[in-house]
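The shown structure was predicted, so the numbers you read here are calculated from the model rather than taken from an experiment. Residue numbers run from 1 in the order of the sequence given.
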Amino acid sequence: MCGIAAIVSHQAVNQDLYDALTVLQHRGQDAAGIVTCERGRLHLRKDNGLARDVFTNAQMLKLKGNMGIAHVRYPTAGCTSSAEAQPFYVNSPFGLTLAHNGNLTNTAELKKALFVEDQRHLNTDSDSEVLLNVFAHELQALGKLRLSVADVFQAVSGVHRRCRGAYAVVIMIAGFGVLGFRDPHGIRPIIFGERKSEDGTEFMIASESVALDVLNFDVVRDIEPGEAIFIEASGKFHSQQCAEKTDHCPCIFEYVYFARPDSIIDDISVYKARLRMGDKLANKVLREWPDHDIDVVIPIPDTSRTAALQMANKLNVKFSEGFMKNRYIGRTFIMPGQKMREKSVRQKLNALGLEFEGKNVLLVDDSVVRGTTSAQIIQMARDAGAKKVYFASAAPPVRYPNVYGIDMPAAHELIAHNRTEEQVCVEIGADKLIYQDLDDLIAAVQKGNPNILHFDTSCFSHEYITGDVDDAYLEHVEALRNDAAQAAHNSEAFIIEM
């Protein structure tokens, strides 16, 4: 998962882009980058690390210009090399830079075509570089010396014809303007807004509405599946549907875990969706376990807090903050390497003994992925004196990899893969395990926008909406994503760069 932002303004955009990245930092902690444009010249800074560490004051001063794009990244398939930090750049045609959130499912096919037919060189393993070069080729194939907005939209149509998978994209064309577009399924989120100034209207594109809110941009709307918008450097706005066929299927895991609760994605409040998840889960407890002996509901910070609070209210049980979080440790779900994830759990959370001692506690988390973190937290609750430890997940069992931009591990690393819920309960050491039902999860999210008829639920249901994901592809993904392969890949990349 990554975060993207773009601004076309009448004043310097470097500070606003930096502020946007700090707001979107939850979407990726591996690398950060900003590129700005000043009188047709591009200024780029990117590197591994958090935004606050990548950009010094001296570097920020060099990012001159009134339009630019920005990116925060975590790796979706292996390499954590700084060479794969975004935005990416190609000088031909016209000077293009790209920031991408998502994952292409036909990368291998596209790489071959780019080399054999388009004669383009790729310098990384990133599918984002592939996407940029596909767009660059489509633009160059038009054979224009001077670009028009219609040319830009025509190139986006070419991207939709060639690329499959998930992509929310911003591209800056040096001296011309900023483009934003979304795949025909609208899997990954992207939204835009405007801000009035003395010099005219300014525009911003971002992964989540919260980035617009913080910078005082008024939300206009989400970019539709298959749609492209283009803002000229002068501030003139254009939009066009560029895909022949669309089917809106946003990723439901955005609402479960990734997005900030104060964001609105596809007209659905993430906060309200999580409240409804808590309602649904509490109803399941009351339906299947009416004589429960839960003394206290405790969330596992931070994502599950909203659902846990609603569960406690619905169950008429005490709610307590039983774990204190060290906010200087990253999200363990997106940390590369199992040893690093396991080590960070104890560093990140500390149990308050008074809230556990002698009580039957219901721990609530947003989901259970590998299960190792859940097992450690359950043991922490027991060590703190809990009499019984029950565990509830606001999401259904995660049994299958996600191939659309969430770096969920290989299938065999998912604790629920080929296991029953009872077996998972034993594996994580809980006295009882309650999972959300998939139909209830869909209903909780869909209530916010009944016009969305489908969601990408592939990690729960094994139904991949792009129709091109088979067992062979999943085996290929597993080879790239398992921890051993990532460690080997990262070591190799480090040696090459040295």
[Y] backbone acceptor or donor facing [X] side chain under 3.5 Å:
| X | Y | result |
| --- | --- | --- |
| R399 | R419 | yes |
| N48 | A31 | no |
| D366 | V256 | no |
| D266 | I268 | no |
| S304 | I300 | yes |
| K280 | Q436 | no |
| D431 | K388 | no |
| S393 | A395 | yes |

Less than 4.5 Å apart, side chain to side chain, heavy atoms only: is that true for L349 and P301? yes
Closest approach of D127 to L104 (non-hydrogen atoms, all atoms of both residues): OD2-N, 2.8 Å
Nearest non-hydrogen partners of R45 and D47, listed with the distance: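 For R45 versus D47, the nearest heavy atoms are NH2-OD2, 3.9 Å.
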Assess whether a salt bridge exists between [X] and [Y], defined as any Lys/Arg side-chain N lying under 4.0 Å from an Asp/Glu carboxylate O.
| X | Y | answer |
| --- | --- | --- |
| R287 | D437 | yes |
| D279 | R276 | no |
| R221 | E227 | yes |

List for me each residue that meets side chain to side chain contact (heavy atoms under 4.5 Å, CB included) alongside N451, sequence neighbours excluded, and say none if there are none. N449
Are F356 and F323 close enough that their ring centres sit under 6.0 Å apart? yes
Can you tell me if [atom1] on [X] sees more than 12 non-hydrogen neighbours from other groups inside 6.0 Å?
| X | atom1 | value |
| --- | --- | --- |
| Y271 | OH | no |
| E357 | CD | no |
| K272 | NZ | no |
| N316 | CG | no |

For [X] and [Y], does a side-chain donor sit closer than 3.5 Å to a side-chain acceptor?
| X | Y | answer |
| --- | --- | --- |
| Y464 | N402 | no |
| E129 | T124 | yes |
| T22 | Q25 | no |
| E208 | H26 | yes |
| Q86 | H100 | no |

Apply salt bridge (charged side-chain N to carboxylate O under 4.0 Å, His left out) to K318 and E355, showing your working. CA-CA 10 Å; K318 178 185 175 184; E355 300 303 323; 3.5 Å; yes
Ring pair (Phe, Tyr, Trp, His ring centres under 6.0 Å) for Y167 and H185? Distances and angles first, verdict last. CA-CA 9 Å; Y167 46 95; H185 293 282; 9.7 Å; no
Enumerate the residue pairs fulfilling salt bridge (Lys or Arg N to Asp or Glu O under 4.0 Å) with a member in residues 443-461, sequence neighbours excluded, ordered by first and then second residue.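 Residue pairs with at least one partner in residues 443-461: there are none.
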Should the ring pair F460 and F253 be called parallel, tilted or perpendicular, given that the plane angle runs from 0 to 90° and is split at 30 and 60? tilted
Mind telling me whether W289 and H292 have parallel, tilted or perpendicular rings, with 30° and 60° as the class edges?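 Ring orientation of H292 relative to W289: perpendicular.
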